[in-house]
Amino acid sequence: MKNRMIWRVALPFLVLFMISLIGLGLYLAQVMKNRTMTGTRVAMLVQARTLADQASAIMAEGNWNDLQELAERYAGLSGERVTFILPDGRVAADSDEDPIGMDNHANRPEVQDALSGQEATSIRISNTLFMNLLYAAAPVNYQENRIGVARIALPLKELESDLRAVNRTILGATLLTLLAAMVIALLLAQWMTAPIRALSNVVENGLQQPNPFLQRKDEIGELGRAFEKLKREQEQQIRELSAEREKLEAVLTHMTDGVLLVDQDGNVHLINPAAGRLFGIEPSDALGKSLIEVTRHHTFVELWRKCRVTGEPQTSTLETIPGHLIVQGTASVLGSTIPGGILLVFVDLTRIRKLEVVRRDFFSNVSHELRTPLASLKVIVETLQEGGLEDIPTARRFLEKMDIEIDNLIQMVREILELNRVESGRVPLNQQKVSPRVLVESAVGRMQPQAERAGINIVVDYQDPLSDVEVDANRIEQVLINLIHNAIKFTAPGGKITIRVRQVSGMVEFTIEDTGAGIREEDLPRIFERFYKIDPSRAGGGTGLGLSIARHTVEAHGGRIWAESEYQKGSRFLFVLPAVVM
C-alpha cells in the first residue's frame, strides 16, 4: 500500500498539512493559555483593589470582626479565598482559616510587593491548602498610610480545567480539519493518478485490453502510445523466447543422455530429467548446488575443472557406485554464449557394455559348445577313414556316437531358434485357464524317474487357496521341467527338491528349491543370459539356453522369474504368473 503512487502523491501534502495544523494548534493553545492567565490576573487584581478599598476604613478602625465578615462574604460571592494581612505580616482575617493559627505572611512575595505599594500576583503552593493557587494582592491605604494588604487566591485546578476544555476544542478542530484534508488529498491524488493506473492495467492485461489513452493529445496520450509500442514488441519477443524455450525443454526432457550446465563456480544452473535419474536426484533440488553434491563423483568434478582450465573438450568414463552404471561424461566450454559456463553431457553406456559382454560371451559359448561335438565328429571320421570301417563293431559304436553328437548339435540349433522366436515375440501362445496343480504334477511326473535314478527326493507343497492361471500349459510345463532338471543335475544323491506353490498379491508363485551346490553371488545376475554357464555346469552338459528360454517364456505370460542361492547350501528358482480373477 505504501508504495502506491496515490500515497506518494498524497502523503507529502498530508504530512505538511499535519505539521502545520499541529503547530497551529500548539500555538493557539499557548495563546489561549497566556490570554486566559493574563485576563485572570487582571480580573483578580481589580477584585483585590476593590476589596482593599472596601476594607480600608474597617482596618483603620481595627474592627476585626467586621473585617472577617467582609472576607467571608466576598469569598462566598466570588468562590475565591480572601485574606487581609497587617503590615507586620500577621493575618487579620481569612475566609478559609482561623487567622490566629496562621503563619506570618510577611515573606510572601505578593505581600511584600503589595506592602511596597505595588499590586502583584504570584503562583505557588499554599502552605495551608497544599495546592497550586494564583494569588493577587493590593495594598490597603487609609489617608495615605499603608495599613495592610488585601489578597485573594484562586485554585489553579479550576483554571487548568477550563484550559483543558479549550485545548480539547482546539484538538478536536485540528483532527477534524486533518481528516478533511486527508480526504481531499486522497481524492486529489486519486484523480491525478487515475490515468497512470489505467495505463498500468492496459500494459498488464496485454493486447486484449483496449488502451483508452491512444487518442489523448497530452503527455498521458504520448506515454500510452509509447507503452503500446513497447508492449507489442515485448509480447512478440516473449512469444519467440517461449517457443524456443519450449523446444529446448522438450529436447532436454526427452533426451536419454544427462545434461548439466555448470557455471564458473561449479554450481549447477540447469539439469534435465535424464541426469536427475542418472545421479538419483530431483532436478529441482539440484539447481544451485555444487557439481560434487549433484554427481557425488570427484572424477566428474575433475573433468569440469580440467575443461575450465584448458578450454578444450574433455571426456572421462567411470562406474558409479551404487548402481554400477558405466557413465561417460563429456565437458565442453560454452564460450561467449554463456561466459564461464561449461556443458556436461553424460551417456549411460551400461547397456552397451552389457551387450558387448553378452555378444562376447555368446560367441565364446557358441564356439565352446560347437568345438566339442565337432572335434568329436572329426576324430570319429578320421578313425573310420584310417581303417575303422573294416572293424564292424567299432564302426557301429562310432556311428552311434556320431548320431549322439549330431543330435546335440540339432538340439542346440533348435534351442537357439526357439530362444530367438521367444525373444522376438513370434511364438503364438495357446493360453487357457489351467490349475497350478495340473502344471506341477505333470512336470513332476515326467521328471520323477530321473530323480529316482539320481537318488533325489521330490516334495510338492501346495498352499491353498490357489487360483487358476491363464497360460500356454505346454510352455509353462517346459519351464518347470527345465528348472527341476537343473535342480536334479546339481543336487548330490540323497538330496531333496522342494516345489512350493502359493498365491501372493494376485499372483501365483512357483518355487523350485534344492539342496545342491548353490550358485556364487557373482554368477546370480547372469544365469538367465544365453549360453551362460557356471563352472560346475560345464561337466554336466547342456547348451546353457534353458534358463534364458524360461525367462522369456515367463515374461511373455506377464510374469517374472528370479533366483536366490547360498553357495554350497542350495538354490531357489522362483517365478510368478498372474492369477485369474474369479
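Every heavy atom of this structure was used, including side-chain atoms; hydrogens, water molecules and symmetry mates were not.
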Do Asp461 and Arg502 make a side-chain contact, defined as non-hydrogen atoms from C-beta onward lying under 4.5 Å apart? no

Yes or no on side chain to side chain contact (heavy atoms under 4.5 Å, CB included) for Gln47 and Thr50, after CA distance, side-chain angles and deciding distance? CA-CA 5 Å; Gln47 295 176 22; Thr50 302; 5.7 Å; no

Side chain to side chain, Asn104 and Arg90, heavy atoms closer than 4.5 Å: yes

Should we count NE2 of His269 as having more than 12 external heavy atoms under 6.0 Å? yes

Are the side chain of Asp257 and the backbone of Val345 linked by a donor-acceptor contact shorter than 3.5 Å? no

Would you say Glu72 and Gln68 are linked by a side-chain donor-acceptor pair, where the criterion is simply a distance under 3.5 Å? yes

To check you understand the geometry: which heavy-atom pair defines the closest contact between Val268 and Ile271, and what is its length? CG1-CB, 4.3 Å

Contact check, side chains of Leu278 and Val327, non-hydrogen atoms, under 4.5 Å: yes

Other residues, nucleotides and ligands only: do more than 12 of their heavy atoms fall within 6.0 Å of CG on Leu77? yes

Can you name the closest pair of heavy atoms from Pro109 and Ser122 and give their distance? CG-OG, 4.3 Å

Candidate pair Met59 and Leu86, rule side chain to side chain contact (heavy atoms under 4.5 Å, CB included), full reasoning: CA-CA 9 Å; Met59 291 184 70; Leu86 298 175; 3.8 Å; yes

Is the backbone N or O of Ser467 less than 3.5 Å from a side-chain atom of Gln503, with the two atoms forming a donor-acceptor pair by type? yes

Minimum side-chain heavy-atom gap Leu51-Phe84 below 4.5 Å: yes

Polar side-chain atom of Asn141 near backbone of Ala52 as donor-acceptor pair, under 3.5 Å: no

Closest approach of Ile147 and Ser56, non-hydrogen atoms and distance? CD1-O, 3.4 Å

Side chain to side chain, Thr83 and Ile85, heavy atoms closer than 4.5 Å: yes

On the 0 to 90° scale, with breaks at 30° and 60°, tag the Phe575-Phe510 ring pair as parallel, tilted or perpendicular. parallel

Verify, without hydrogens or angle tests, whether Asp98 (side chain) and Gly101 (backbone) share a donor-acceptor contact under 3.5 angstrom. no

A quick test of your reading: do over 12 heavy atoms of other residues, nucleotides or ligands sit less than 6.0 Å from CD of Glu521? no

Hey, which of Val309, Ile342, Thr330, Leu303 is the one that makes side chain to side chain contact (heavy atoms under 4.5 Å, CB included) with Gln314? Leu303

Give a yes or no on whether a salt bridge exists between Glu249 and Arg245, defined as a side-chain N under 4.0 angstrom from a carboxylate O. yes

Under 6.0 Å from the CD atom of Gln463, do we count more than 12 heavy atoms belonging to anything else shown? yes

Whether Arg41 side chain and Ala136 backbone form a donor-acceptor pair below 3.5 Å: no

Quick one: are Arg151 and His105 in side-chain contact, heavy atoms under 4.5 Å? yes

Where do Pro99 and Ala93 come nearest, in terms of heavy atoms and distance? CG-CA, 3.7 Å

For Arg146 and Leu115, work out which heavy atoms get closest and say how close. CD-O, 3.0 Å

Compare all side-chain heavy atoms of Asn65 with those of Glu69 and state whether any distance is below 4.5 angstrom. no

Shortest non-hydrogen separation from Leu45 to Ala120 and the atoms involved: CD2-O, 3.6 Å

For the residue pair Asp113 and Thr121, establish whether any side-chain heavy-atom pair is separated by less than 4.5 Å. no

